[in-house]
Amino acid sequence: MNPGARLLILGKQGAGKGTQALRLSRHYVVPHISTGDTLRQAIRSGSELGREAHRYLDSGELVPDEIVIGMVRERLTRSDTSHRGFVLDGFPRTVTQAEALARILSPNGLHLAIDLEIDTASVLNRLASRRVCGDCGANYSVIDNPPRVPGLCDVCGGEVVQRDDDTEAAIRRRLELYEAETAPLIEWYEDRGLLARIAAIGSPDEVTERIVTVVDRAILHPPGT
Ligand code: AMP
């Protein structure tokens, strides 16, 4: 039996976090937990969380820590994740969130934090061509990975659209926030012996293969053994 894995993915917007998180969740048979997808679903459903989160997402700002930490805590204490593990995508984004995650996971901890490395010029091109399924969150690119039927998701048949926050102003703001708030997490995980740096270039298959190689090693030989 596949024993599962406890992973998270870091990287700039457009580095391919969503694509790789989905592939890893299938490979290790664990839930893919995307805080961005959860927030977008909440906005679509018109829930109280959605009404609160809406203005932050539209402007590219971070949703306050206490809101996202509460969301992730609730998800990580359900039995599927507590037994088999998870792939976290888009969380943590601040050191406060990383500290809270370590407390939520204690005593088990993560197997690995994967940093997808890519330069800013490449992500700007990717973000401009990015399209997503409004229902299941699957990612497409109008340049090199369009849906088979234009505008319709290959996975679930949902509508494939450009994200509301993939505007030039919101992208600029999200990249600024990434440098200020999220990039310090790379050092945070490195200091704890939990970081794997992966080049996010080449085909999605090549990137997945690089990640699986280091994750398998980390699961067999956890830090500190
Ligand atoms: P993403 O889909 O991961 O790019 O997230 C889209 C937006 O959701 C971000 O620009 C933030 O407004 C919000 N968001 C997602 N995850 C977090 C998080 N961990 N902390 C704060 N805001 C978040």
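Counting starts at 1 for both ligands and their atoms, in listed order. Nothing fancy with the numbering, it's 1 onward along the sequence. Everything numeric in this text was worked out from a predicted model, so none of it was measured.
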Self-check item: Option whose closest heavy atom lies nearest to atom 4 (O) of ligand 1, chosen from Arg55, Arg163, Gln13
Solution: Arg163
Quiz item: Of the listed options (Leu177, Val63, Ile43, Ile171), which comes nearest to atom 22 (N) of ligand 1 when hydrogens are ignored and any heavy atom counts?
Solution: Val63
Is any side-chain N of the basic residue among [X] and [Y] closer than 4.0 Å to the acidic one's carboxylate O?
| X | Y | value |
| --- | --- | --- |
| Arg78 | Asp80 | no |
| Glu61 | Arg173 | yes |
| Arg174 | Asp166 | yes |

Quiz item: Do Ile9 and Val215 share a hydrophobic cluster, counting only Ile, Leu, Val, Met, Phe, Trp and Tyr and linking them when any side-chain heavy atoms are less than 4.5 Å apart?
Solution: yes
So which protein heavy atom does [atom] come closest to, and at what separation?
| atom | answer |
| --- | --- |
| atom 15 (C) of ligand 1 | Arg93 NH1, 3.3 Å |
| atom 16 (N) of ligand 1 | Thr35 OG1, 2.8 Å |
| atom 8 (O) of ligand 1 | Leu57 CG, 3.5 Å |

Self-check item: Nearest non-hydrogen partners of Ala15 and Ala200, listed with the distance
Solution: O-CB, 3.6 Å
Self-check item: Contacting atoms of ligand 1, where contact means under 4.0 angstrom from a heavy atom of Arg40
Solution: 2 (O), 6 (C)
Practice problem: Pull out every atom of ligand 1 sitting under 4.0 Å from any heavy atom of Glu61, numbered as shown with elements. | Solution: 11 (C), 12 (O)
Quiz item: To the nearest 0.5 Å, what is the distance between OG1 (Thr19) and OH (Tyr140)?
Solution: 10.0 Å
Classify the contact between [X] and ligand 1 as side chain, backbone, both or neither, using a heavy-atom distance cut-off of under 4.0 Å.
| X | answer |
| --- | --- |
| Val68 | side chain |
| Leu39 | side chain |
| Gln97 | side chain |

Quiz item: Which residues pass the side chain to side chain contact (heavy atoms under 4.5 Å, CB included) test with Asp205, sequence neighbours left out?
Solution: Arg23, Ser203
